[in-house]
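To start, the structure itself, in structure tokens.
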Amino acid sequence: QVQLEESGGGLVQAGGSLRLSCAASGSISSINAMAWYRQAPGKQRELVAGSSLSHTTNYADSVKGRFTISRDNAENAVYLQMNRLKPEDTAVYYCQAVTGGIRKVYWGQGTRVTVSS
């Protein structure tokens, strides 16, 4: 089992910045990739940014150039630096961890980000 704990969400003004953190615990040696997803009201949960064990990254088109995902393998933590935030970024952000082998997916409880216009 893997447990994920997100933090760093809150209310921020458009154009501002926010840094989300996710710490993994439990069977941390099994974690392969980690990622951030978000879900806005009435919308499908979508991938925001992902990072492989080798730190290869990918981003949603809507956040490219504004968000940066980083990973600390030693601490089994993943971060999302969000800059130049827009009201459209308002959502609940979820941390995801994926194990190797049979590819088990774990989710955090989510942290809410609200960007005011």
Side-chain angles (χ1 to χ4, degrees):
Q1 279 287 336
V2 173
Q3 295 81 44
L4 302 173
E5 296 288 343
E6 302 111 325
S7 62
L11 176 64
V12 65
Q13 186 175 336
S17 298
L18 209 58
R19 180 177 170 88
L20 305 183
S21 300
C22 174
S25 61
S27 186
I28 56 177
S29 62
S30 65
I31 296 175
N32 193 338
M34 299 189 75
W36 287 96
Y37 283 71
R38 69 185 181 187
Q39 187 167 20
K43 294 186 177 181
Q44 183 74 32
R45 186 175 299 187
E46 64 173 348
L47 175 67
V48 177
S51 178
S52 71
L53 187 62
S54 63
H55 291 198
T56 300
T57 59
N58 63 289
Y59 297 89
D61 289 341
S62 60
V63 307
K64 286 181 179 178
R66 299 189 298 119
F67 291 10
T68 302
I69 187 171
S70 60
R71 188 172 174 183
D72 185 336
N73 288 337
E75 297 185 3
N76 291 285
V78 65
Y79 308 92
L80 186 67
Q81 179 66 45
M82 305 184 292
N83 297 324
R84 302 190 301 280
L85 283 161
K86 305 175 181 180
E88 303 95 283
D89 297 318
T90 295
V92 177
Y93 285 71
Y94 297 91
C95 179
Q96 181 201 68
V98 181
T99 61
I102 62 172
R103 189 179 170 85
K104 177 68 176 179
V105 178
Y106 296 90
W107 296 96
Q109 80 286 348
T111 184
R112 186 177 301 276
V113 172
T114 302
V115 184
S116 62
S117 60

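For the single chain, residues carry numbers from 1 onward in sequence order.
- Using a 4.5 Å cut-off between side-chain heavy atoms of Ile, Leu, Val, Met, Phe, Trp and Tyr, with links allowed through other members, L11 and L80 fall into different hydrophobic clusters.
- Residues passing the side chain to side chain donor-acceptor pair (under 3.5 Å) test with S17, sequence neighbours excluded: N83.
- Between C22 and M34 the shortest heavy-atom distance is SG-CE, 4.3 Å.
- Each salt bridge (Lys or Arg N to Asp or Glu O under 4.0 Å) pair with one or both residues in residues 45-57, not counting sequence neighbours, appears once here: R38-E46.
- Results of the ring pair (Phe, Tyr, Trp, His ring centres under 6.0 Å) test with W107 over W36, Y93, Y37 single out Y37 as the only residue that passes.
- Here the side chains of S116 and Q13 are in contact, with some heavy-atom distance below 4.5 Å.
- Shortest non-hydrogen contact noted between V12 and L85 is CG1-CD1, 3.5 Å.
- Pairing each heavy atom of T111 with each of S7, the nearest pair is OG1-C, 4.4 Å.
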N76 vs V2, side chain to side chain contact (heavy atoms under 4.5 Å, CB included): CA-CA, chis, key distance, verdict: CA-CA 11 Å; N76 291 285; V2 173; over 6 Å; no
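- With T99 contributing its side chain and K104 its backbone, the two residues share a donor-acceptor pair below 3.5 Å.
- Contact record, A49 with I69: O-CD1, 3.6 Å, taken as the closest heavy-atom pair.
- Atom CG of L4 sits about 6.5 Å away from atom CD of E6, to the nearest 0.5 Å.
- Proximity of R71 to I31: side-chain heavy atoms (C-beta onward) are separated by under 4.5 Å at one or more points.
- Considering every non-hydrogen atom in both F67 and Y59, the closest pair reads O-CE2, 3.3 Å.
- Here salt bridge (Lys or Arg N to Asp or Glu O under 4.0 Å) pairs that include residues 107-117, with residues two or more places apart or in two chains, number zero.
- Side-chain contact between L18 and D89 is absent, with no heavy atoms from C-beta onward closer than 4.5 Å.
- Contact record, A14 with S117: CB-CA, 4.3 Å, taken as the closest heavy-atom pair.
- Between the side chain of T57 and the main chain of S51, no donor-acceptor pair closer than 3.5 Å is present.
- Side-chain contact between Y79 and D72 is present, with heavy atoms from C-beta onward closer than 4.5 Å.
- Side chains of V113 and M82 form a contact here, defined as non-hydrogen atoms less than 4.5 Å apart.
- To the nearest 0.5 Å, the span separating CD on Q81 from CG on L20 amounts to 9.0 Å.
- Within the 4.5 Å cutoff, the side chain of Q96 has no heavy atoms near those of the V78 side chain.
- Residues V98 and R103 meet the side-chain proximity criterion, which asks for heavy atoms closer than 4.5 Å.
- Here E5 contributes atom CD and C95 contributes atom SG; the two are 10.0 Å apart, rounded to the nearest 0.5 Å.
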